[in-house]
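Report on the structure given below.
Start at 1 with the first residue, then count along the sequence.
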Amino acid sequence: GFDCDSCAVIPSLHKQSPDIALGVDKSLEDKSEETEIGGGAFWHSPSLTSVKIPDGVTFVGNHAFADCQSLTEIEIPESVTSFGAAPFDLTPWTDARREENPFVIVNGIVIDAAKAVDDILAKRKAEEEALKKDLEDKNVVLIYNKEGEEEEPFEIVFPDGITSIGETVFVDLQRSINVTKIVIPDGVTQICANAFSLCHDCTDIQLPNTLEDVGDSAFAKTKWIADQPKTDGMFIVNGLLLDGKSAVGNIEIPDGVRAICGNAFTGNKELISVRFPETLTVIHQSAFKRCTALEAVYFPESLKEIRKEAFTECPLKSLVIPEGVEEIGYRAFITCNALPSVAIRSDNVRIDEQAFGYKNTFTQTGQYMHIYILSVRNDFILECREGSTAEAYAAANEMVCRYGIAGDANDDFVVDISDVILLSRYAAEDATAPELSEKAPQICDMNADGVLNAADVNAILQIIAHLDEEPETVA
């Protein structure tokens, strides 16, 4: 059904930010590693009637095929495991799916619920009409829109068999129906970004034990999230830290937390330092964005992912990325201007664009026009191993790269008491001391005076004291 002039058989597409629109590029046909269809890629393609997405694509971005008013046939492989907001909105294909089921479900993911909301509204209207007729038969006048009168609350009931609730599917339900209770069924493992945000009057949200991942702002501005009891300013469900905006000072996140959810701490102005547990595997998008007092974070060896803009605009003073980290997301540490360097212990960590080492410069042209200019910081140093992906990132972005971590005298990529002992013996001219690493004269000359001596030993001791310092947990 796809042999026609107005069909799109998508070969493969560049993996990019969901906000970047893409088109079919024949030069990319052999790049089978590409796995995403970007946001708005085929938006408003009026002649497009059918689409075949190839096996291997995992993500379809925001409004990727929206407003394709002739699109009636879409073939989606099981490899697609996530969608952006309204990927097929305003298409005949979506209209047909809504008639089959008020919840449009693809690969277990709810990607559209407009018909479900319309059905609730229709039910309400039918009940009102029936009540009105009954009262009229009894010669009773029904007065509508009485001041202070509240509409009957509704509960959202999901069908069985779903595994994920897509982006913005129920955003701002308060504009159409008064939803106060939402029950997420067992089997759901993921709730995507902004799924229920702005549902202001929702006070009861029941989450299943199967839930593994909650996207940024999934429950933002709901009474439910605001009213939850918090320990040390944190609200945690099933090992997911959903909210920490009221946390203060130096905090230690408790054992058992597996993920810091998107926007969990965003905009917190009282947070100074955070120590993460060894159970943590992922820090989601914008989790600590604009925490304007956050100076120190202590990552565990269990950490695997630091996602997009996780620590943007935080005044961090030091940062060590553990060896187990596999991915550092787009602009994860951008505009952390107090950060002199980043030490990356992994050889093969994937580093997305502008992850760190960049700053925004604000300029003003004219009375109302403001421009932010993004540029590489010339005072930033990336500490890494030679031949690593971090070295490649530094070279691609024309950053200063240092092979090793400041104070690491024995080149084991950890600064600890063994480095202090080795350097002390060297400074004392101990002939039996092991040899320093080749990099030691550069990375252990802490005061840059060209000599390795007791002053450098003291400086390394101060680094160790800072790294081992347990932040005081605020009661």
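- Applying the 6.0 Å contact sphere to CD of Glu435 captures no more than 12 heavy atoms from other residues, nucleotides or ligands.
- Under the 3.5 Å distance criterion, the side-chain polar atoms of Asp449 are matched with a main-chain donor or acceptor of Val451.
- Atom CG in Leu271 sits 8.0 Å away from atom CG in Asn250 (nearest 0.5 Å).
- Asp419 and Gly407 get closest at one heavy-atom pair: CB-O, 3.3 Å.
- A donor-acceptor pair under 3.5 Å is formed between the side chain of Thr163 and the backbone N or O of Gly108.
- Ring pair Phe88/Phe83 is perpendicular by interplanar angle, where above 60° counts as perpendicular and below 30° as parallel.
- Annotation for Pro322 and Ser346: closest pair O-CB, 4.3 Å, computed over non-hydrogen atoms.
- In terms of the ring pair (Phe, Tyr, Trp, His ring centres under 6.0 Å) criterion, residue partners of Phe276 (sequence neighbours excluded) are, by chain and number, Phe288, Phe299.
- Under the side-chain hydrogen bond (donor to acceptor under 3.5 Å, both in side chains) criterion, Gln285 pairs with no residue, sequence neighbours left out.
- Checked by atom type and distance alone, the side chain of Thr389 pairs as donor or acceptor with a backbone atom of Asp347 at under 3.5 Å.
- Using cut-offs of 30° and 60° for the angle between ring planes, the Phe235 and Trp224 rings count as perpendicular.
- In the displayed structure, Lys221 atom NZ is contacted under 6.0 Å by at most 12 heavy atoms of other residues, nucleotides or ligands.
- Atom CG of Asn268 and atom CG of Leu294 lie 8.5 Å apart (nearest 0.5 Å).
- The side-chain contact (heavy atoms from CB on, under 4.5 Å) search around Arg290 returns Glu313, not counting sequence neighbours.
- For the residue pair Asp112 and Thr94, no side-chain donor N or O sits within less than 3.5 Å of a side-chain acceptor on the partner.
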Query raised in the report: Step by step, would you call Val110 with Ile105 a side-chain contact (heavy atoms from CB on, under 4.5 Å)?
Result: CA-CA 4 Å; Val110 177; Ile105 302 170; 4.2 Å; yes

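- Taking Phe356 as the reference, Tyr393 meet the ring pair (Phe, Tyr, Trp, His ring centres under 6.0 Å) condition, with sequence neighbours excluded.
- Of the possible polar contacts, one joining the Ser79 side chain to the Val57 backbone as a donor-acceptor pair under 3.5 Å is found.
- Put simply, the side chain of Arg425 reaches to within 4.5 Å of the side chain of Pro434, judged on heavy atoms.
- Between Pro185 and Ile162, the closest side-chain pair of non-hydrogen atoms falls below 4.5 Å.
- Summarising the geometry, atom CD belonging to Glu323 is positioned 5.5 Å from atom CZ belonging to Arg385; distances are rounded to the nearest 0.5 Å.
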Query raised in the report: Can you list the steps and then say if Ile321 with Ile306 is a side-chain contact (heavy atoms from CB on, under 4.5 Å)?
Result: CA-CA 10 Å; Ile321 305 296; Ile306 303 170; 4.1 Å; yes

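- The salt bridge (charged side-chain N to carboxylate O under 4.0 Å, His left out) test applied to Glu386 returns no partner, not counting sequence neighbours.
- Counting only distance, with no hydrogens or angles, the side chain of Asp186 and the backbone of Pro208 share no donor-acceptor pair below 3.5 Å.
- Contacts of Phe103 classified as ring pair (Phe, Tyr, Trp, His ring centres under 6.0 Å), with partners at least two apart in sequence or in another chain: Phe158.
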Report task. Would you check, one step at a time, whether the test side-chain contact (heavy atoms from CB on, under 4.5 Å) holds for Leu207 with Ile191? Result -> CA-CA 10 Å; Leu207 304 177; Ile191 299 174; 4.0 Å; yes

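- Not a single donor-acceptor pair under 3.5 Å links the side chain of Asp445 to the backbone N or O of Leu452.
- Heavy atoms only, all atoms of each residue included: Cys291 and Phe265 are closest at SG-O, 3.2 Å.
- The backbone N or O of Lys223 sits nowhere less than 3.5 Å from a side-chain atom of Thr203 that would complete a donor-acceptor pair.
- Once rounded to the nearest 0.5 Å, the distance linking CD1 of Ile251 with CD of Glu270 reads 12.5 Å.
- Using a 4.5 Å heavy-atom cutoff, the side chains of Phe380 and Asn397 are not in contact.
- Salt bridge status for Glu295 with Lys317: present, with a side-chain N to carboxylate O gap under 4.0 Å.
- Ser388 is not listed as a side-chain neighbour of Ile344, based on a closest heavy-atom distance of 4.5 Å or more.
- Other residues, nucleotides and ligands contribute over 12 non-hydrogen atoms within 6.0 Å of the OH atom of Tyr358.
- Heavy atoms only, all atoms of each residue included: Glu327 and Val349 are closest at N-CG2, 3.9 Å.
- When all heavy atoms are compared, the tightest approach of Pro315 to Ala293 is CG-C, 4.0 Å.
- The environment of Glu398 atom CD is sparse: at most 12 non-hydrogen atoms of other residues, nucleotides or ligands sit within 6.0 angstrom.
- Between atom CZ of residue Phe333 and atom CD1 of residue Ile328 there is a gap of 6.5 Å, rounded to the nearest 0.5 Å.
- The line from CD1 of Ile334 to CD of Gln354 is 5.0 Å long, rounded to the nearest 0.5 Å.
- The side-chain heavy atoms of Arg345 and Glu301, taken from C-beta on, include a pair separated by under 4.5 Å.
- When atom types are taken as modelled, the side chain of Ser302 and the backbone of Leu280 share a donor-acceptor pair closer than 3.5 angstrom.
- Between the side chain of Asn458 and the backbone N or O of Ala455, no donor-acceptor pair lies under 3.5 Å.
- With contacts defined as side-chain heavy-atom distances shorter than 4.5 Å, the pair Val51/Phe42 does not qualify.
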Query - Pair Asn209-Asn238, side-chain contact (heavy atoms from CB on, under 4.5 Å): steps then yes or no - result: CA-CA 6 Å; Asn209 291 328; Asn238 298 345; 3.7 Å; yes

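- With hydrogens and angles disregarded, a donor-acceptor distance shorter than 3.5 Å links the side chain of Thr279 to the backbone of Gly256.
- Inter-residue side-chain proximity for Thr81 and Asn107 is flagged as unmet; no heavy-atom pair is nearer than 4.5 Å.
- With contacts defined as side-chain heavy-atom distances shorter than 4.5 Å, the pair Pro77/Ile53 qualifies.
- Listed here is the closest heavy atom pair of Asn263 and Ser217: OD1-OG, 3.2 Å.
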